Amino acid sequence: MKDMRRILIVTVLVFFASFALLSVGSIQLSLSDLWQSFFGGKDAFIVQNYRLPRTVLAFLAGASFSLAGVILQSVIRNPLISPDVIGVTNGASLFAVLTIALVPDGPLLLTPIAAFIGAALVMLALMMLEGGGNVSRSSFALLGIAVSAICASGTEYLLIKFPLQTNDSLVWLAGSLFGKGWQEVMILAPVLVVIGAILFYQHRQLDVLSLSEEVSIGLGLPIQRTRHIFLALAVILAGVAVATVGAIGFIGLIAPHMARRLVGHKHLAVLPMALLLGGGLLVVADALGRGIHPPLEVPAGLITAIIGVPYFLYLLRRERTA
Amino acid sequence: MQRKRLIFVLLLLGCLAVYSSLFFGITQMNPIHLVQEWISGTTSKAGLVLTNLRLPRLLLGLLLGANLAVAGAIMQAVTRNPLASPQVFGVNAGASFLVVLSLLVFPSLGTANLIYFAFAGALVGGVLVFSFASVRGMTALKLALVGMAIHLLLTSLTKGLILFNDRITNVLYWLSGSLSDASWLELRIVLPWSLAGLLLAASLAKSLAVFQLGQDVAVGLGQKVTRIRLLAGISVVLLAGVTVAVAGAIGFIGLMVPHITRRLVGEDYRIVLPVTAVIGGLLLTYADVLARFIAYPYESPVGIVTSLLGAPFFLVLARRQMKGGLR
Amino acid sequence: MRRKTWMTALTLLVLSSLMLAACSGQAEQTNEKTRTITHEAGKTKVPEHPKKVVALEYSFVDALDELGITPVGIAQENKTDVSGLLGKDIAFTEVGTRQQPNLEVISSLQPDLIIGDFNRHKGIYKQLQKIAPTIILKSRNATYEENIDSFKTIAEAVGKTKQMDDRLALHEERLNAAKKKVDPNDDRKVMVGVFRADSLTAHGETSFDGELLEKIGIENAVTKTAEPTVTITLEQMVKWDPDVIFMAEADPKLLKEWKNNPLWKQITAVKNKDVYEVNRDLWTRYRGLDAAEQIVDEAIQLLQQK
């Protein structure tokens with residue numbers, strides 16, 4: 001019950017904060033202006049067409065990265081893992097930049113689909129390289145880092161070989177919500193809702209998986225299949241998220257940690273908390289990006305990296321097992 | 001591998017490297033004509049390209065490759081971590097970041113002075129990664145994670161700098177590592193620092209054996225270990241720093257070459273270090289030749305080539321690590 | 001179980017209400033008379049006489065100024081860019097950089113026409129369209145002729161075609177006058193390069209300045225390039241061996257290093273001391289009609305000063 005209360009408190013906090021942060025941007029609004037803008041008036045256009053979809057998207061994307069992180073950390077049983085570490089984010093970026101470079105005037109949906117395929121391919125590659133064996137050792141993480149590095153090199157190569165077509169990629173690669181709107185929300189929302197629902201219903205399986213292997217087997221869980229299914233879900237979530245907002249890192253790492261610190265290890269509580277915290281974090285990062293130095297925008301991904309890395313290092317110091 | 005055979009192969013590879021580096025490129029060169037020129041004392045344009053571009057480039061490639069490889073070898077010995085290298089340790093990223101920052105703040109800084117910033121950056125990056133990764137024992141994974149984090153932080157900061165400063169967008173090319181503007185001047189600048197670093201490394205060769213004896217023995221030897229670590233650190237900063245200052249962040253050489261060397265000649269660092277230096281130099285030279293041809297007639301950054309070569313290598317390494325530990 | 005369902009339902013409720021709110025906030029369409037303009041990203045209905053124009057590229061600002069229109073919003077990186085371009089100070093609102101224009105600021109100006117660059121802004125064309133009728137034209141990394149076409153389209157969009165035609169005719173006259181000043185027996189090949197500490201870029205015969213110079217009879221040494229501007233090395237410069245070099249940015253450190261490089265000294269331009277420093281903004285960044293005429297005058301003056 002303590003957890004339930006905490007979750008409710010955080011929910012309220014996140015929603016109010018997100019709402020308030022809608023006022024931040026090149027055109028600074030007061031809270032009453034903000035309230036007015038929902039009903040029309042001179043600020044309505046900005047709030048309804050830019051800030052609102054961005055904030056909603058930020059929340060959804062942050063939540064997606066966070067849930068993907070929860071899955072990865074539980075299934076691979078390594079608290080230092082996240083979609084960016086494991087190469088999913090970089091793989092998605094690589095394919096996205098590849099499509100932008102080869103088909104610069106392609107349809108708008110092409111890039112997100114390509115990004116998603118990239119993420120999926122990385123995961124498949126990892127599972128194959130791993131030899132279909134046990135997915136829970138630190139070696140898997142090492143493999144992920146290696147693949148991540150390969151994808152990053154590939155992306156760098158493309159950026160240099162096609163500098164003019166991939167001009168925008170620089171901003172995209174850092175991960176930014178610039179120019180994103182309801183279209184992206186429509187792509188991500190159903191994915192998050194569906195996968196989120198699946199996760200909530202299967203929270204007990206996640207609990208079991210995150211325990212030791214012997215226990216899982218002992219409890220009769222078809223380990224391999226279950227692991228692979230959950231990993232697939234994580235990849236879909238992270239892949240689609242990257243497809244919509246670019247390669248934003250560290251949310252999938254930090255939010256699950258913070259969630260666990262607040263509500264313990266039971267996934268019934270961790271999942272909603274991680275979702276809220278992840279969403280809230282990205283909303284804040286995006287708001288910061290808008291408000292730091294108007295009219296210039298700092299990509300949200302840059303902010304999450306700058307805040308995320310020190311936190312990550314701090315986590316490392318506290319971590320007992322690696 | 002048998003010593004004689006090894007020396008023979010290296011010599012062969014060396015000759016090939018020298019030949020291709022000197023004579024391949026967009027300027028047509030006929031080696032026979034050039035030799036005739038040399039004998040008769042005349043100069044043609046091709047001859048000038050040879051002596052003013054290709055030759056310093058070859059020498060620089062050999063030297064910087066050696067620098068990086070030796071730096072990697074030392075790091076791997078001292079940290080007993082097969083993934084250690086200037087790149088993973090954030091040394092490259094740190095140096096790059098500070099160099100970009102200084103290019104912004106002091107636009108007319110000469111290469112000779114940029115080096116100091118590179119050193120400072122290399123130091124900062126390396127120290128950060130080392131201290132965070134060694135908390136509660138350094139494992140391969142931890143090092144990789146911390147290195148990745150610091151690398152990400154520094155490259156994000158660097159990207160941030162680039163995004164907001166229209167003037168330096170081309171620095172991206174340089175950041176990937178490039179030897180295309182190698183000149184005698186650069187060689188002259190790089191040489192003293194490289195030699196200092198290499199000699200320091202050589203003097204440590206025997207002492208590095210201490211680390212292989214295991215953590216407990218090393219602790220027992222206390223003071224000595226700290227001193228070796230310190231000297232090793234200085235050597236790495238010198239070697240990696242000067243390389244980044246002149247050619248940008250070239251990755252994977254420091255990671256791959258020590259492994260290759262150890263497989264060929266074993267663990268005695270008195271032999272490993274010089275062989276590593278040679279192989280490192282050769283590898284970078286070959287990569288540089290490749291870099292001239294990927295996008296012919298335009299040059300690609302050599303760092304891209306080393307990444308393309310090195311990343312799969314890294315993958316194989318990670319896989320081996322998985323199957324039961326490497327040394 | 002209950003908590004999960006509750007959360008999902010809440011999220012869905014919030015999302016749908018937000019979306020409803022959003023849908024009702026679309027930009028109002030005015031009933032002013034419009035003109036359909038064809039541009040690089042499609043066709044747009046532009047009001048007949050736009051009063052508030054936002055320009056996202058310097059050459060567009062130049063064109064608008066020629067037509068007597070001051071944009072309400074301009075994207076610029078350095079504070080001195082626009083005043084340098086026009087040779088005077090004008091009042092406008094900065095809407096971010098050309099690379100990343102700020103959609104919020106643009107929309108707050110309530111423009112009735114937005115002009116964006118094909119190279120930089122085609123990705124946000126749809127978002128710009130939501131704010132106001134938008135046309136996307138070629139400027140960056142485009143040829144001289146493409147830039148002239150862009151000016152014509154701008155004139156069409158603001159309903160001042162005659163004025164632009166007159167100005168272009170004047171431009172042609174000036175170019176022809178310049179062409180006459182060029183010595184037909186002078187077959188020196190020129191190269192326009194940007195020499196920075198970290199990179200070397202050459203502007204080939206298909207670039208704005210390259211094509212412009214070709215038009216008045218000054219040949220370019222950099223031919224058959226894949227793109228209008230290319231990154232090069234010293235070796236490549238030696239291969240092309242230009243007779244004249246216009247340095248559109250000259251990093252002093254780089255020049256110092258090269259002064260003693262025998263290869264650099266081999267280049268015909270260097271041997272004949274035909275290396276001139278020119279203003280980078282003027283030669284490569286502005287790409288306006290005034291800029292073009294100034295480039296031409298400067299080039300001829302430098303070429304003939306001996």
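Given the structure is predicted, the values throughout are model-derived calculations rather than measurements. All chains are named by letter (A, B, ...) in the order of the sequence lines, taking the proteins before the strands, and each is independently numbered beginning at 1.
Take C/Phe92 and apply the ring-ring contact (aromatic ring centres under 6.0 Å, His included) test, not counting sequence neighbours, and it matches no residue.
Contacts between C/Leu103 and chain A at a heavy-atom distance below 4.5 Å involve backbone atoms as well as side-chain atoms.
Across all non-hydrogen atoms, the minimal contact from A/Tyr50 to C/Ser107 is CE1-OG, 3.7 Å. The nearest pair of heavy atoms linking A/Lys180 to C/Gln127 is N-NE2, 4.4 Å.
Using a 4.5 Å cut-off on side-chain heavy atoms (C-beta onward), A/Gln183 and C/Lys126 make no contact.
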_side-chain contact (heavy atoms from CB on, under 4.5 Å), that's the test. Do A/Phe178 and C/Ile124 meet it? Break it down for me._
CA-CA 9 Å; A/Phe178 172 69; C/Ile124 53 170; 3.9 Å; yes

